[in-house]
Amino acid sequence: MSMTTLPQEGSHQGLSVRGLCKSFGPIQVLTEASFDVRPGEVVALLGENGAGKSTVSNIIAGSLHADRGAITWQGKPYSPASPAQAIDAGIGMIHQELKLLPDLSVAENVFVGRMLTRGGAIDRARMNERASAQLRRLGLNVSPDTKVGDLRVAAQQQVEIAKALTLDAKLLIFDEPTAALGGDETALLFEQIRKLKAEGMGFIYISHRLEEIVQIADRIVVMRDGRVVARHEQGDIPVRTVVEQMVGRSVDRMFPTLDEPRPEVLLEVENLSSPARTFNDVSFSVRAGEILGIAGLIGAGRTELVRAIAGADPISSGKVTVAGKPVHLDGPAAAIKAGVVLVPEDRKGQGVVLDQTIGENLALGNFDHVAPGGWVFPKAVQKFAETGIRKLGVKGQPNQAVRKLSGGNQQKVVIAKWIARPPKIFILDEPTRGIDVGARAAIYDVIADLARSGMAVVVVSSDLEEVLGLSHRVMVLSRGRQRGILPRAEANNVAVMELATS
Amino acid sequence: AEAKKLGLAVANLQADFFNQIKQSVEAYAKEKGLEVVTVDAKGDSATQVSQVQDLITQNIDALIYIPAGATAATVPTKTAKAAGIPVINVDRNAAGAPGDTFIATNSVASAKNVCDYIAKQAGGKGELIIIHGQKGTTPEVDRSKGCGEALAGYPDIKVVGELWSEGWHQDEGFKLTQDLLQSHPNVSIVVGQADALALGAAQAVKVANLGHKVWIAGFDGDVAALKALKDGVFDVTATQQTQGMGRLAVDSAIKLVAGEKVEPEQLQDATLTTKDNVAQFIEKHP
Amino acid sequence: MSSKPGSADLSVSAGEPRAGGLKPLFAALFAGAKGPLIGLILLCLVLSVSTDTFLTVRNILNVLDQITVLGIMAIGMTLVILIGGIDLSVGSILALGAMVLGYVVNPDYLGLPIPAGIAAALLVGGLCGLVSGLLVTVAKLPPFIATLAMMSVARGLANIITDGSQIVGFPDWFTNLSIVRHFGFISVTVGVMIVLGVIFAIFLNYRATGRNLYAIGGSPEVARLSGIPVNRLTNWVYAVCGVLAALAGVVLAARLDSVQPSSGFGYELDTIAAVVIGGASLSGGVGSIGGTAIGVLIIGVLRNGLNLLGVSPFIQQIVIGVVIALAVAADTWRRRAK
Amino acid sequence: MSSKPGSADLSVSAGEPRAGGLKPLFAALFAGAKGPLIGLILLCLVLSVSTDTFLTVRNILNVLDQITVLGIMAIGMTLVILIGGIDLSVGSILALGAMVLGYVVNPDYLGLPIPAGIAAALLVGGLCGLVSGLLVTVAKLPPFIATLAMMSVARGLANIITDGSQIVGFPDWFTNLSIVRHFGFISVTVGVMIVLGVIFAIFLNYRATGRNLYAIGGSPEVARLSGIPVNRLTNWVYAVCGVLAALAGVVLAARLDSVQPSSGFGYELDTIAAVVIGGASLSGGVGSIGGTAIGVLIIGVLRNGLNLLGVSPFIQQIVIGVVIALAVAADTWRRRAK
Ligand SMILES: Nc1ncnc2c1ncn2[C@@H]1O[C@H](COP(=O)(O)OP(=O)(O)OP(=O)(O)O)[C@@H](O)[C@H]1O
Ligand SMILES: Nc1ncnc2c1ncn2[C@@H]1O[C@H](COP(=O)(O)OP(=O)(O)OP(=O)(O)O)[C@@H](O)[C@H]1O
Ligand SMILES: [Mg+2]
Ligand SMILES: [Mg+2]
């Protein structure tokens with residue numbers, strides 16, 4: 001394990017973090033964390049869900065305060081009392097959870113808190129122009145007057161990135177900026193980062209997509225359970241090594257072996273179209289024990305499609321049959337009753353009630369199982385929750401508020417919720433967004449187990465490796481239309497991308 | 001000129017007293033073949049100013065004005081007069097800008113009668129509590145004054161507690177009395193400054209189960225209260241001549257429009273009403 | 001705060017109930033209202049010391065009587081606020097319910113038996129609530145506007161029934177419901193309030209539908225995606241709130257032995273205040289019947305106490321404002337001290 | 001609804017203003033209030049046809065006079081609601097401001113010149129608002145509770161000044177401010193309301209601080225992370241709302257030529273209603289002065305029109321409820337039709 005000794009703090013013009021400690025109540029989430037970020041370099045901060053990456057970042061960005069430890073920034077002691085002070089000092093951050101204002105325009109979101117003015121009045125033209133330019137560089141072509149709430153998640157993420165990039169910052173912290181992005185958007189982002197790097201800007205880069213790290217990181221800091229367990233002086237460390245350091249054991253394989261599907265068809269989708277034509281005339285079927293992957297570029301209509309199948313959005317025409325019985329798609333309740341469940345894409349807005357506990361979230365929608373005769377016994381809920389927590393390895397207690405979980409653990413709660421029913425059709429939209437490698441392997445195992453137990457599973461993912469590694473067959477969507485279904489043997493990067501861009 | 005259309009600006013139709021006057025004005029005007037446009041200020045003088053403006057816009061020939069708010073506002077009267085419309089003030093008059101005539105009950109004198117009666121009935125001694133109306137309003141001030149004058153003649157009657165309601169409501173009368181009886185269980189006289197308050201007080205006395213007679217006085221002579229009085233729920237009230245005042249207001253309006261002279265003040269007596277004479281008022285409200 | 005994994009957490013905090021675990025009844029009941037509870041206790045202590053009448057059985061029974069109407073309405077309002085709504089129409093529905101009762105049973109009008117009158121009142125209240133609910137779920141009006149409209153309409157209807165006059169006189173057995181104290185201490189109306197409170201507390205804590213209301217308040221979208229019939233439950237909640245408001249009207253009728261279209265004016269603010277003082281959040285998802293009970297009691301005890309002290313009405317207004325602010329702020333301080 | 005990249009989007013809708021170009025003033029002003037605007041226009045049309053007095057210059061000037069008090073308060077309330085707050089104390093602060101004015105200028109009391117009285121009134125109003133703001137930002141009270149407490153305290157203070165009595169009589173030039181119509185049509189008080197409306201519309205649309213209020217309402221957390229001084233601005237907003245409520249009290253004093261401690265009772269609901277009818281969301285971040293103007297006008301025109309039609313008061317209550325619901329529902333239908 002490489003653990004270089006750190007230079008004297010403040011010995012360079014960048015950021016030195018020394019011995020940061022932080023507890024939430026009785027739990028210590030950060031123990032003696034130390035590392036450096038020098039001007040003009042990208043430091044990747046890696047670690048499992050709940051390792052403390054966001055916590056240390058929030059302390060640097062002024063939205064949390066350390067219990068102990070010191071930070072030096074540009075040679076001077078630095079302890080921001082508020083995000084405003086951090087921004088003034090030249091340190092900005094993109095938070096893991098989207099921090100946008102849905103009712104304001106794209107341009108206003110980009111410049112919130114530091115609107116451009118001329119003669120005391122807001123200079124909309126200049127704000128629009130600069131926001132547009134920055135967004136175009138990131139590959140997003142929307143009017144800067146669009147309300148952010150009207151954008152899909154990926155575009156919102158890009159707005160968030162644009163917001164950070166237009167900051168007049170010397171150090172930027174990116175907490176999982178690419179979780180919602182596709183390959184092209186990510187490449188464009190890296191291009192921006194490299195350019196700014198050349199201008200002397202420093203970056204802390206957090207991601208669970210380890211393949212990105214090789215491309216962008218100059219150095220790597222690995223955290224586990226709130227401690228820095230490794231520091232690498234170069235970015236091209238074998239993924240295997242990093243993973244071992246992150247999870248404290250070796251992860252021998254990522255994807256599980258898949259069993260042969262059973263012959264009977266469980267899910268039959270025929271000529272499904274949405275009113276807004278975000279998907280059009282889509283037909284496919286999934287057999288019991290089969291995993292169907294749905295691939296496509298961002299905005300291909302995958303989310304809309306699976307939401308419609310789960311009854312969350314209306315359709316304009318078409319038919320969905322589950323186990324030979326047609327489903328009336330008039331709301332999620334009907335779909336759930338018919339055995340169709342969905343793990344939605346936007347976990348914060350659609351997956352969990354943030355202010356409720358893990359136990360309550362798991363029980364929600366499952367009372368027909370947890371509460372015999374409609375009576376909710378706390379013990380039954382507790383047991384149910386413990387089972388779900390154990391199965392998915394959620395780092396938390398049934399009585400803990402979901403808001404206080406790390407992002408990855410929140411995602412696990414959403415998946416855990418539906419497992420116990422058990423449903424017939426299990427649909428997962430971006431199931432491993434923001435989930436660490438170790439847990440990801442665990443989730444893949446769970447998904448394979450679901451199939452093995454006889455469910456039909458549908459997995460939507462922008463992570464091509466994931467779709468390919470996990471699916472019996474891969475359906476590719478492009479601009480709302482079904483471009484083909486590839487069997488496992490024929491599904492590879494090139495074939496899928498070809499269809500996706502057609 | 002001949003009156004065709006009357007404007008009626010009521011202080012607050014949720015108070016039975018005002019509602020009675022309104023019903024009387026409307027009924028009597030219909031008899032006389034006049035149109036009446038009624039507006040209800042719901043107790044707010046600013047609203048009433050707006051409403052009077054609206055009435056004037058409709059070219060009313062005369063305004064019957066029952067001022068809303070704690071005390072009479074002058075602006076409606078001024079505005080109407082500026083538009084050449086005669087104003088008949090009912091119940092309250094504004095010091096700075098009196099109406100062409102003022103129709104009201106002589107509150108001070110009537111309240112004095114009521115308190116005098118109840119004091120006498122109680123044998124001129126005992127503990128007394130007062131449930132006031134909304135503090136600072138004209139009727140509250142006048143009725144307190146009248147009652148105070150009467151009680152001055154009964155040195156053996158001790159006022160042991162008084163509380164103020166915020167909106168003359170019956171449930172307030174109930175609660176306030178209940179709370180006062182807590183500290184003063186020996187009370188033998190309750191003065192409610194309005195029938196609603198008295199009825200609430202009566203209910204509180206009933207609930208308290210004090211074991212001795214408590215004399216209860218009200219004021220106004222609300223239709224419903226008179227029935228209760230007959231049933232012995234409480235003991236005395238002063239019946240204001242709501243019907244009479246309504247008719248008088250319409251007659252005055254007709255006269256004023258026709259250019260005839262009307263007395264600037266037409267004070268009505270409120271009749272002391274007890275179980276003995278209540279039947280006639282239930283039969284036909286004065 | 002959250003307990004360490006595996007460690008025995010002995011301190012039970014009301015703020016974050018142990019949902020999965022054995023949720024102590026006390027914690028569940030007063031979730032989020034520990035500060036106000038402290039406030040209430042302090043208030044009672046101060047009044048017990050400063051007056052010799054406050055802490056008498058009779059006075060306490062009086063306070064219970066006095067809060068019945070507010071208490072019953074506050075139960076319905078708790079449900080509405082839990083799902084992230086608000087109901088401004090309760091005061092008007094109270095008046096409408098009472099007037100319907102009076103109209104149906106008074107010999108001068110329909111003269112039917114009391115039970116018929118009560119049924120009619122509750123039905124009308126429920127219908128009003130249902131209309132509010134439909135305005136929210138179908139016409140997509142903000143609850144504030146939907147119930148503001150209903151507030152105006154219901155008040156108008158209450159007035160029209162008798163052209164604004166009151167109706168006096170009910171049979172003795174009916175008014176006795178709020179007067180005669182059974183078992184030496186409890187009147188039927190107070191009993192009804194307590195029973196309703198217990199039923200709804202159980203419903204909210206131990207029935208699946210009750211838990212679902214919390215989820216709706218926490219996030220209607222998540223609830224919908226979890227298969228909860230959000231719109232249907234929303235309609236029900238407003239309807240139940242309407243029924244309870246009308247029931248409060250019936251109780252008021254028994255209490256006053258009369259009904260009047262002006263009653264309940266301004267009660268909406270009192271009711272909402274009671275629920276919010278009790279720790280509920282107007283953005284939904286947080287609140288409890290126990291908390292509401294505390295809120296109702298704070299308001300009731302405060303008014304009663306100030307009257308016992310003979311405080312002048314204007315000073316009362318100031319004291320009430322200050323005490324309400326302090327009672328709720330106590331919760332902030334308590335959390336901060338932790 | 002994002003416009004297709006590259007395609008020329010010619011339809012300019014108010015809800016989703018046009019890309020890139022100058023945000024049309026109209027769209028910005030009435031953002032989110034197109035439905036109510038349609039409602040207002042329909043209302044005016046119906047009244048113009050059904051009465052021969054509604055569409056007269058005199059009546060329109062009357063309506064403007066009548067809405068001044070509500071309009072001025074609604075401007076402050078718009079700011080408060082924009083940042084996700086609510087202010088229940090405006091009616092009481094109005095009364096307190098008016099009483100302070102009366103106390104300072106009336107010869108029976110201090111007898112100082114009117115400008116001193118106005119300054120004192122605005123100062124007291126601002127202080128009350130500031131206290132509400134501090135209760136929200138420092139004591140962390142929910143705005144509903146903080147301003148409910150202030151509502152009670154301010155009313156108490158207003159009453160105490162003269163022990164509940166009114167103060168009558170101001171110099172003629174003062175009352176003329178609301179009576180004399182300059183340039184043949186506009187009184188000073190109406191002028192003040194319009195100027196304030198324009199100033200605050202500009203502030204909200206074109207000043208960075210104004211836009212920051214939208215950000216705070218959208219998400220205080222995001223605003224804080226973006227370096228916006230959330231607490232400071234929140235305090236300011238409540239203070240400004242207090243100042244405007246006191247100013248409304250001054251206007252009312254000129255209008256009534258007297259001040260009374262009971263005035264403004266229940267105005268909080270009217271004011272909040274006007275803002276919400278105008279398309280603002282009680283959860284914050286959405287709303288505009290233009291929308292509020294429409295809300296205020298709908299309430300004003302409705303009351304005026306029903307009086308002109310001679311509709312009986314009880315029926316009026318029903319009609320007002322129905323029209324408010326319809327006006328706001330129009331927005332739902334408009335969106336759905338799209
Ligand atoms: N406000 C809070 N209160 C209590 N515990 C918290 C709070 N915020 C975070 N935690 C806990 O602190 C630990 C570290 O969380 P953090 O968000 O820093 O993890 P992370 O490394 O960013 O994980 P992920 O990759 O899932 O985002 C977690 O166990 C989390 O549950
Ligand atoms: N909230 C929204 N408002 C308007 N258009 C939307 C919205 N969400 C999605 N769209 C549009 O619908 C289409 C399909 O989007 P969808 O989110 O289903 O795509 P996806 O393939 O799931 O991509 P993603 O990776 O973003 O989830 C896109 O053209 C997108 O612009
Ligand atoms: Mg994180
Ligand atoms: Mg998607």
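We name chains A, B, ... by the order of the sequence lines, and we start the count at 1 in each one.
Using a 4.5 Å heavy-atom cutoff, the side chains of Pro142(C) and Leu282(D) are not in contact. The side-chain heavy atoms of Ile318(C) and Arg155(D), taken from C-beta on, include no pair separated by under 4.5 Å.
Glu268(D) touches chain C through its side chain: at least one heavy atom from C-beta onward sits under 4.5 Å away, while N, CA, C and O do not. There is no contact between Met150(D) and chain C, counting heavy-atom distances below 4.5 Å. Neither the backbone nor the side chain of Ala146(D) has a heavy atom closer than 4.5 Å to any heavy atom of chain C. When heavy atoms are compared at a cutoff of 4.5 Å, Val138(D) approaches chain C solely by way of its backbone atoms N, CA, C and O.
With rounding to the nearest 0.5 Å, the separation of CG in Asn159(C) from CD in Gln316(D) is 12.0 Å. Here CG of Leu148(D) is found 10.0 Å from CD1 of Ile320(C). Values are rounded to the nearest 0.5 Å. One finds the CD1 atom of Ile160(D) at 4.0 Å from the CD1 atom of Ile315(C) (value rounded to the nearest 0.5 Å).
Among the candidates Ile324(C), Val328(C), Val319(C), the residue making the largest number of heavy-atom pairs closer than 4.5 Å to chain D is Val328(C). Listed options Leu135(C), Ile272(C), Leu88(C) were ranked by heavy-atom pairs under 4.5 angstrom with chain D; first place goes to Ile272(C). Listed options Val323(C), Ile86(C), Val276(C), Val322(C) were ranked by heavy-atom pairs under 4.5 angstrom with chain D; first place goes to Val276(C). With chain D as the partner, the residue from Phe144(C), Phe265(C), Phe314(C) showing the most heavy-atom pairs under 4.5 Å is Phe314(C).
The shortest heavy-atom contact between Gly321(D) and Ala149(C) is O-CB, 3.2 Å.
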Take Val153(C) and Gln317(D) through the side-chain contact (heavy atoms from CB on, under 4.5 Å) test and state the conclusion after the steps.
-> CA-CA 6 Å; Val153(C) 172; Gln317(D) 296 179 318; over 6 Å; no

